[in-house]
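Throughout, protein chains are lettered first and strands after them, A, B, ... in sequence-line order, and every chain is numbered starting at 1. These numbers come from a predicted model, not from an experiment.
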2 protein chains.
Amino acid sequence: MTATAPQTSPRKRASNGTARRIDADEIGLDALVGHAGYAVRRFQIWIFQDFIRTLGAVDIRPTQYSVLTVIGANPGLSQMAVAKRLGIERARLVHLLDSLEQRKLVKRVKSKADRRSHALHLTVQGETALAKFKRLAAEHERHVEAKIGKENRAQLLRILAGFT
Amino acid sequence: MTATAPQTSPRKRASNGTARRIDADEIGLDALVGHAGYAVRRFQIWIFQDFIRTLGAVDIRPTQYSVLTVIGANPGLSQMAVAKRLGIERARLVHLLDSLEQRKLVKRVKSKADRRSHALHLTVQGETALAKFKRLAAEHERHVEAKIGKENRAQLLRILAGFT
DNA sequence: TATTGTTATACTCTATAACTATA
DNA sequence: TATAGTTATAGAGTATAACAATA
């Protein structure tokens with residue numbers, strides 16, 4: 001597991017006592033290669049970076065996109081319902097919605113049925129914007145496909161279908 | 001995509017104008033179901049939570065484990081080399097190492113070859129501890145296997161082999 | 001001039017706890 | 001009493017920038 005290929009790039013003690021550079025690709029990961037979590041984490045970081053870059057022009061991040069999508073598909077949901085469904089802390093969702101409401105994408109409507117809660121809706125502007133975000137997100141998804149392969153992406157979705 | 005199954009649990013406007021509860025599992029994810037990033041992110045969160053729980057008794061988190069494993073397999077690496085290999089900011093690694101050094105798991109040795117840099121080594125105590133951490137991490141890995149299936153885990157590792 | 005380790009700052013995200021207004 | 005939304009705080013983690021020592 002301990003890689004020691006002969007290369008050039010940080011510094012390492014050589015047989016003659018002088019130092020040479022070590023390339024990142026010759027540093028062994030040892031037990032990490034057997035951990036799904038390590039690869040999944042690195043992959044997730046890559047995906048988010050691509051998503052943020054691809055939707056950079058509209059300034060929408062993954063969590064914001066997921067909130068808008070769920071509200072768009074389920075108008076009238078309460079904040080608690082959205083938070084639970086997406087695994088976001090309700091305290092965190094307050095700030096996310098503050099931002100989306102300031103941008104006139106979402107509106108909080110006082111619920112008549114339960115006056116403690118807010119019914120969440122997209123604004124007309126929000127509907128239009130979300131349609132654009134979805135086109136960009138689809139473009140991002142094609143980047144994923146290009147990165148790991150169409151068939152592998154499909155298998156990944158199948159394997160992880162339970163984590164929704 | 002908009003789920004509207006008849007259930008019980010938050011509140012939703014019913015045909016008669018009164019409200020009823022909505023279960024999380026009847027809220028449609030819409031476009032999110034087609035995004036690999038969504039499933040990958042949820043899975044990654046599950047994995048990290050299980051890792052943190054499984055290694056809770058020894059108080060080691062995923063990033064700390066990855067740093068210890070790489071140093072253990074490549075003694076003498078500089079901080080820059082570890083940071084680059086694992087995709088950690090060098091400023092962040094300083095704090096991670098401060099903590100691991102306080103716990104006597106790692107030592108920074110002044111490099112003679114390049115006096116700007118530190119050669120990183122596990123302490124004897126660190127070697128022993130890492131062996132235990134690896135046993136617990138293997139136990140965590142069995143939880144992953146139990147969660148998604150042995151064959152699916154193997155395929156996942158194969159698909160994501162490039163993200164290391 | 002460039003790099004290594006360090007310190008510092010700001011922003012995101014997670015995890016809690018406590019408060020209010022309702023139920 | 002319990003719940004929905006809010007506010008506040010603390011801890012990870014990320015992203016930067018700048019500095020001292022050294023190359």
Side-chain angles (χ1 to χ4, degrees), chain A residues 9-12 18-22 41-42 44-46 48-49 51-53 56 59-67 76-99 101 106-120, chain B residues 9-12 18-22 24 41-42 44-46 48-49 51-53 56 59-67 76-101 106-120:
Chain A
S9 185
R11 292 221 123 66
K12 178 176 181 178
T18 63
R20 68 175 181 76
R21 298 183 63 74
I22 302 172
R41 174 64 174 154
R42 297 295 300 244
Q44 184 258 305
I45 290 169
W46 183 90
F48 269 40
Q49 284 176 345
F51 187 99
I52 292 166
R53 201 183 319 121
D59 191 25
I60 289 290
R61 298 168 65 83
T63 308
Q64 295 175 310
Y65 177 73
S66 69
V67 169
L77 283 184
S78 68
Q79 296 185 193
M80 271 306 296
V82 171
K84 273 185 188 163
R85 185 66 186 84
L86 293 174
I88 302 170
E89 283 297 322
R90 69 186 204 271
R92 165 109 188 94
L93 185 61
V94 170
H95 300 299
L96 284 167
L97 289 173
D98 285 350
S99 156
E101 205 170 29
V106 165
K107 58 187 175 222
R108 287 163 159 120
V109 180
K110 279 178 186 167
S111 168
K112 290 175 187 174
D114 183 341
R115 287 158 58 214
R116 291 172 302 183
S117 74
H118 296 155
L120 301 173
Chain B
S9 188
R11 293 219 123 65
K12 179 176 181 177
T18 64
R20 67 175 182 74
R21 297 183 62 75
I22 303 173
R41 174 63 175 156
R42 298 295 299 246
Q44 184 259 305
I45 289 170
W46 183 92
F48 270 40
Q49 284 176 344
F51 187 99
I52 292 165
R53 201 182 319 122
D59 192 25
I60 288 290
R61 299 169 64 83
T63 308
Q64 295 175 311
Y65 177 74
S66 70
V67 168
L77 283 184
S78 68
Q79 297 185 191
M80 270 307 295
V82 171
K84 273 185 188 165
R85 186 66 185 86
L86 293 175
I88 301 169
E89 282 296 321
R90 70 186 204 272
R92 165 108 188 94
L93 185 61
V94 170
H95 301 299
L96 284 167
L97 289 173
D98 286 349
S99 156
L100 294 173
E101 204 170 30
V106 165
K107 58 188 175 220
R108 288 162 159 121
V109 180
K110 279 178 185 165
S111 168
K112 290 175 186 172
D114 183 341
R115 286 159 60 218
R116 291 172 302 181
S117 75
H118 297 155
L120 300 172

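- For B:Arg115 and D:dT22, a side-chain-to-base donor-acceptor distance below 3.5 Å is absent, hydrogens and geometry of angles not being considered.
- The minimum heavy-atom distance linking A:Leu77 with A:Ala81 is given by the pair CD2-CB, 4.1 Å.
- If you take CD1 of B:Ile52 and C1' of C:dC13, they are 13 Å apart, rounded to a whole angstrom.
- Closest to the side chain of B:Arg41, from the set C:dT14, D:dT22, D:dG13, is C:dT14.
- Considering only residues two or more places apart in sequence or on other chains, A:Arg108 meets the side chain to side chain donor-acceptor pair (under 3.5 Å) condition with A:Gln79, A:Asp98, A:Glu101.
- Side-chain proximity of B:Ser117 to C:dC13, C:dA15, C:dT4: nearest is C:dT4.
- Rounding to the nearest 0.5 Å gives a distance of 7.0 Å between CG of A:Leu120 and CG of A:Leu93.
- Following rounding to the nearest Å, B:Leu96 (CG) and D:dG13 (P) show an atom-to-atom distance of 7 Å.
- Judged by distance alone, with hydrogens and angles left aside, the side-chain atoms of A:Arg42 form a donor-acceptor pair with the main-chain N or O of B:Leu86 at under 3.5 Å.
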Please produce a list of atom pairs where a protein N or O lies less than 3.5 Å from an N or O of nucleotides 6-9 of chain C.
unit_1 : atom_1 : unit_2   : atom_2 : d
C:dT6  : OP2    : B:Gln79  : OE1    : 3.1
C:dT6  : OP2    : B:Gln79  : NE2    : 2.9
C:dT6  : OP2    : B:Arg108 : NH2    : 3.1

Please report, to 0.1 Å, the donor-acceptor pairs under 3.5 Å made by any side chain of residues 60-67 of chain B, with sequence neighbours excluded.
unit_1  : atom_1 : unit_2  : atom_2 : d
B:Gln64 : OE1    : B:Arg61 : N      : 2.9
B:Tyr65 : OH     : A:His35 : NE2    : 3.1
B:Ser66 : OG     : B:Thr63 : O      : 2.7

Check the pair B:Arg90 / B:Val94 against side chain to side chain contact (heavy atoms under 4.5 Å, CB included), numbers first and verdict last. CA-CA 6 Å; B:Arg90 70 186 204 272; B:Val94 170; 5.9 Å; no

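- If you take CZ of A:Arg61 and P of C:dT14, they are 11 Å apart, rounded to a whole angstrom.
- Atom CE in A:Met80 sits roughly 5 Å away from atom P in D:dA4 (whole-Å rounding).
- Put simply, CZ on B:Arg116 is 11 Å from C1' on C:dT1, counting in whole angstrom units.
- The nearest whole Å value for the distance from the CD atom in B:Glu89 to the P atom in C:dA10 is 18 Å.
- Here the P atom of nucleotide D:dG5 and the CG atom of A:Leu120 are 7 Å apart, to the nearest Å.
- B:Ser78 and B:Ser117 make their closest contact through CB-CB, 4.3 Å (heavy atoms, listed as atom of the first residue, atom of the second, distance).
- The nearest whole Å value for the distance from the CD1 atom in A:Ile45 to the C1' atom in D:dA12 is 13 Å.
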